[in-house]
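What follows is one structure encoded as structure tokens, with my remarks underneath.
Sequence lines set the chain letters: A, B, ... in the order given, protein chains first and strands last, and positions in each chain run from 1.
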Amino acid sequence: MSTRIVHIASNTFREAVRDRVLYNLVAFALLMSGAAVLVGQISIDIERKVVKDLGLTAVSLFGVVIAIFIGIGLVSKEIERKTLYTVLSRPVRRWEFIVGKFFGLAGTLVLNTFFMAIGVFGALLYVSHHFQRADGWLLVALYFIILQFLIVTSLALLFSSFSSPLLSAVFVFSLFVIGSFAEDLRGFAGMTQGFTRWLATGVAYLVPNFSALNVISSVAHEQAIPGQLIFYNTAYAMIYATMALCGAVLVFEHRNLK
Amino acid sequence: MSAIEILGLEKTYSVGFWRKRPKCALKPLHLQVEEGEIFGFLGPNGAGKTTTLKLLMGLIFPTAGSARILGMEINDPRMKAQIGFLPEQPYFYDYLTARELLEYYGQLSGVAPKERTRKVNEVLQRVGLPDVGGMQLRKFSKGMLQRVGIGQAILHDPKVVFFDEPMSGLDPMGRREVRDLMEQLKLEGKTVFFSTHILPDAEALCDRVAIIHKGELRGVGAIADLTSSVHGQVELVWQGTTVPASLRALGAECHVTGDTVRAVLSEANQDTAIEALRRERLRLVSVTPVRTSLEDYFVQKLQPAGAVAGVRT
């Protein structure tokens, strides 16, 4: 990997840390502590399920919000503030800039998820006083959540490479919501006929399939995650994020920085 | 080999939301800047100076034409490692300290880790910010940011430096320091290309200038040539507050300022005028031929083509 990508990624990470992005962890810690105490008092036998469900959903939502709101500014803010001028007038290729930005935010999200995961396991330990073998599936659910973040970050970069931050946020958030129901959309496409079927199938396969990456309910119910699903989801997320990044690079390579 | 070679570079934007219409920001520009010279790119606001610089930096793409810097294409990373650029009204990552910013740019420019710290310290010293290297840029004044901007442009010891309005935002002392720095860069053998609309700066610094207006190159030449145009007139300056009647009879234009009088008259009447001043026992201070100033040349070049008579290019 080009060292310039590493430098751009570490500067993006440093920006996120100094802009106090990781402060969301305080809110998350408060949420998990409150939930653990409350669940312990009102739930009977399902404390573990509630904590897993709530914890993983919170990890996912906190991360997606960060990925969208930081991701949409990664390129547009640099253009607006002209900080990009002094970067691209150096021996930095445009694609290196986009890829560096992607890895910088991805690194921030991975670190953020790591600390939130500690919070989830802490809350679980608090309500049940011990870990079970099935709790290991939490790690798989967290891994899938990180894969979701990679897709969301690449989409945010794609949209921010040609549209305003507000529109980019709307587009990415809409895709996240639609993608969360991608399996339902595919089911709907199967029930229709003619042009509608063709259109619905196209949309169902074009939007990112976040529903396949959401195993929170299964993990909360202590169901095992098949190894095949882990492999397919990994390949899917990597290919989707790479394609979105390639799109962002293609647009950005031809953009005039007015 | 020319340091900068611009061959018919042209930029047209599409403006309007529904009905797109072309807007020409830069008409085909042909220009050569030689190695080791300080070249001033002059023009009023909106003339096309920044557009030209952005084209040279690869920030926008030309509609037509091409350019070469140090003999290489403008998108060649090897060339970019050898140039420095200060944009107009620069803004930097304000969450970084000045030292961190320079370190970061040093990394991107490929400065070796061993040399980086030394170069950053040198540059902070050179731009007059040795004591604030650890301060976050969000606490910097506009003038300090401009100095950081100049610092990042010269950090990696580039062969060609591009400055877009480098004096903007600086106080008189700061402007003087930047002028000194540019002269130092020239002494080090570097080529300096800078845009400005402050003519005294250009006149004091540049070997050659180009004047651009409404996206069109209006003139280019050496400062010495542009300002040596003798119009067959001389300026006489003497101490006193009176103008001898014989001088008025020679058709001299006189201006009294305090205890000094300046008179402009035909070169043919110079000796007669000096004789008249001697007779009146007035103390002659200077006799100088009237030259076209850069400002005169600039103003002439900004006028429409048909309105200018007898102007050289």
Side-chain angles (χ1 to χ4, degrees), chain A residues 1-23 70 73-101 104 108 161-164 167 249-258, chain B residues 11 13-15 25 50-51 53-63 69 74-97 100-111 113 136-138 148-149 151-153 155-156 158 161-162 164:
Chain A
M1 193 193 289
S2 152
T3 52
R4 289 182 293 271
I5 294 176
V6 177
H7 298 314
I8 292 167
S10 48
N11 191 48
T12 307
F13 177 79
R14 184 161 50 181
E15 178 178 8
V17 172
R18 295 208 180 157
D19 281 349
R20 301 177 178 89
V21 169
L22 298 181
Y23 277 22
I70 305 236
L74 284 181
V75 176
S76 57
K77 202 166 76 179
E78 294 251 3
I79 296 174
E80 190 189 322
R81 292 183 176 178
K82 299 179 184 172
T83 42
L84 198 52
Y85 292 4
T86 43
V87 173
L88 293 184
S89 58
R90 293 175 192 280
V92 175
R93 292 183 178 89
R94 290 188 178 205
W95 70 264
E96 291 175 330
F97 178 78
I98 293 284
V99 175
K101 284 278 169 188
T108 310
S161 65
F162 63 86
S163 69
S164 70
L167 277 177
V249 168
L250 266 179
V251 174
F252 193 60
E253 285 282 352
H254 297 95
R255 183 164 176 186
N256 280 312
L257 304 174
K258 290 180 192 173
Chain B
K11 182 66 186 172
Y13 289 108
S14 287
V15 292
T50 299
T51 300
L53 280 165
K54 281 186 181 178
L55 284 164
L56 292 174
M57 293 301 110
L59 300 172
I60 54 176
F61 300 102
T63 311
I69 299 171
I74 45 179
N75 54 3
D76 190 332
R78 287 173 306 156
M79 176 278 285
K80 288 194 171 179
Q82 298 177 58
I83 63 164
F85 174 52
L86 167 73
E88 187 182 9
Q89 294 173 351
Y91 187 92
F92 300 106
Y93 303 104
D94 59 8
Y95 53 88
L96 296 180
T97 66
E100 285 171 340
L101 183 91
L102 294 173
E103 289 268 355
Y104 176 54
Y105 284 136
Q107 289 169 340
L108 295 183
S109 297
V111 178
Q136 273 193 326
L137 294 171
R138 57 175 56 126
V148 172
Q152 60 80 31
L155 173 75
H156 50 295
V161 190
F162 295 86
D164 196 357

key: Side chain, backbone, both or neither of Q82(B) within contact of chain A (heavy atoms, under 4.5 Å)   = neither
task = Just give me the residue among K82(A), R255(A), E15(A) that pairs up with chain B most often, heavy atom to heavy atom, under 4.5 Å.
result = E15(A)
key: Min side-chain heavy-atom separation Y104(B)-T86(A) under 4.5 Å   = no
key: CG on L108(B) to CG on L88(A), rounded to 0.5 Å   = 9.5 Å
key: Shortest non-hydrogen separation from Y105(B) to T83(A) and the atoms involved   = OH-O, 4.1 Å
query = Is it the side chain or the backbone of E253(A) that comes within 4.5 Å of chain B heavy atoms, both, or neither?
reply = backbone
message = So N11(A) and L96(B), do their side chains get closer than 4.5 Å, heavy atoms only?
response = yes
Chain B contact via E78(A) - which portion, at a heavy-atom distance below 4.5 Å = side chain
Polar side-chain atom of R18(A) near backbone of Y95(B) as donor-acceptor pair, under 3.5 Å = yes
message = Looking at Y85(A), is its backbone amide N or carbonyl O close enough to the side chain of K54(B) to form a donor-acceptor pair, meaning the two atoms are under 3.5 Å apart?
response = no
task = Using non-hydrogen atoms and a 4.5 Å limit, figure out which bit of Y13(B) sits close to chain A: side chain, backbone, both or neither.
result = side chain
note = Here the gap from R90(A) atom CZ to Q107(B) atom CD, rounded to the nearest 0.5 Å, amounts to 11.0 Å
